[in-house]
Enquirer: 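Below are the structure tokens for one structure; questions will follow.
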Amino acid sequence: MLNNTKNYKNESCIDFEEIDTLLKKYVRVKTYLSMKPIFGEILESTESTITVVPEYIESFEDINYDKLITYLLPKSSLIEVKEIL
């Protein structure tokens, strides 16, 4: 029987409080809900979810968010959230 648990030990643990420091920053989000990472900006963070805009947006001031595609991801599905500089 194969033991695949070693693949998961290398992933960094997610501190949900640190996600709030990444609001409106460009990030890479790895989640169990997508085979590929999602690149974008975290628009909102609640106790149980984050909202990611899958585009790099320099300024949030003049944007009509109703027309943008966003991802609403449960925090329980997150593997890693990393800021891209």
Side-chain angles (χ1 to χ4, degrees):
M1 187 166 130
L2 296 174
N3 184 357
N4 291 331
T5 57
K6 66 180 181 178
N7 295 334
Y8 297 103
K9 291 180 182 176
N10 293 332
E11 296 295 339
S12 61
C13 296
I14 295 175
D15 182 3
F16 294 130
E17 293 175 2
E18 286 187 15
I19 291 177
D20 292 337
T21 65
L22 297 175
L23 287 176
K24 299 184 182 180
K25 294 185 179 178
Y26 192 58
V27 295
R28 179 185 71 199
V29 179
K30 291 184 180 178
T31 176
Y32 293 111
L33 302 176
S34 173
M35 293 182 71
K36 295 183 180 180
I38 298 168
F39 292 89
E41 291 190 32
I42 298 177
L43 177 63
E44 182 180 26
S45 175
T46 66
E47 288 183 20
S48 59
T49 64
I50 65 169
T51 304
V52 178
V53 178
E55 296 178 13
Y56 183 70
I57 299 171
E58 290 288 333
S59 172
F60 278 93
E61 294 177 6
D62 298 321
I63 303 295
N64 183 354
Y65 291 106
D66 294 334
K67 294 184 179 179
L68 290 179
I69 296 172
T70 59
Y71 295 109
L72 180 65
L73 302 170
K75 286 185 175 178
S76 61
S77 74
L78 300 178
I79 299 170
E80 181 180 44
V81 178
K82 187 179 279 189
E83 182 177 6
I84 305 296
L85 302 173

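These numbers were taken from a predicted model, which means no experiment stands behind them.
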Enquirer: Can you name the closest pair of heavy atoms from Ser76 and Tyr32 and give their distance?
Expert: O-CD1, 4.4 Å
Enquirer: To the closest 0.5 Å, what do you measure between CD1 (Ile42) and OG1 (Thr70)?
Expert: 13.0 Å
Enquirer: Looking at every heavy atom in both Glu41 and Lys24, which two are closest together, and how far apart are they?
Expert: OE1-O, 3.4 Å
Enquirer: Does the side chain of Ser48 reach to within under 4.5 Å of the side chain of Lys75, using non-hydrogen atoms?
Expert: no
Enquirer: Any donor-acceptor pair under 3.5 Å linking the side chain of Ser34 with the backbone of Thr31?
Expert: no
Enquirer: Any chance you could measure Thr51, atom OG1, to Leu72, atom CG, to the nearest 0.5 Å?
Expert: 5.0 Å
Enquirer: Report yes if the side chains of Leu22 and Ser45 come closer than 4.5 Å at any heavy-atom pair, otherwise no.
Expert: no
Enquirer: For the atom pair CG (Leu33) and CG (Leu78), what is the distance rounded to the nearest 0.5 Å?
Expert: 8.5 Å
Enquirer: Roughly how far, to the nearest 0.5 Å, is NZ of Lys30 from CD1 of Ile79?
Expert: 7.5 Å
Enquirer: Please evaluate residues Thr49 and Thr46 with respect to the criterion side chain to side chain donor-acceptor pair (under 3.5 Å), reporting the C-alpha separation (whole Å), side-chain torsions for both, the decisive distance (0.1 Å), and the verdict.
Expert: CA-CA 5 Å; Thr49 64; Thr46 66; 2.8 Å; yes
Enquirer: Rounded to the nearest 0.5 Å, what separation is found between the CD atom of Glu83 and the CD1 atom of Ile19?
Expert: 13.0 Å
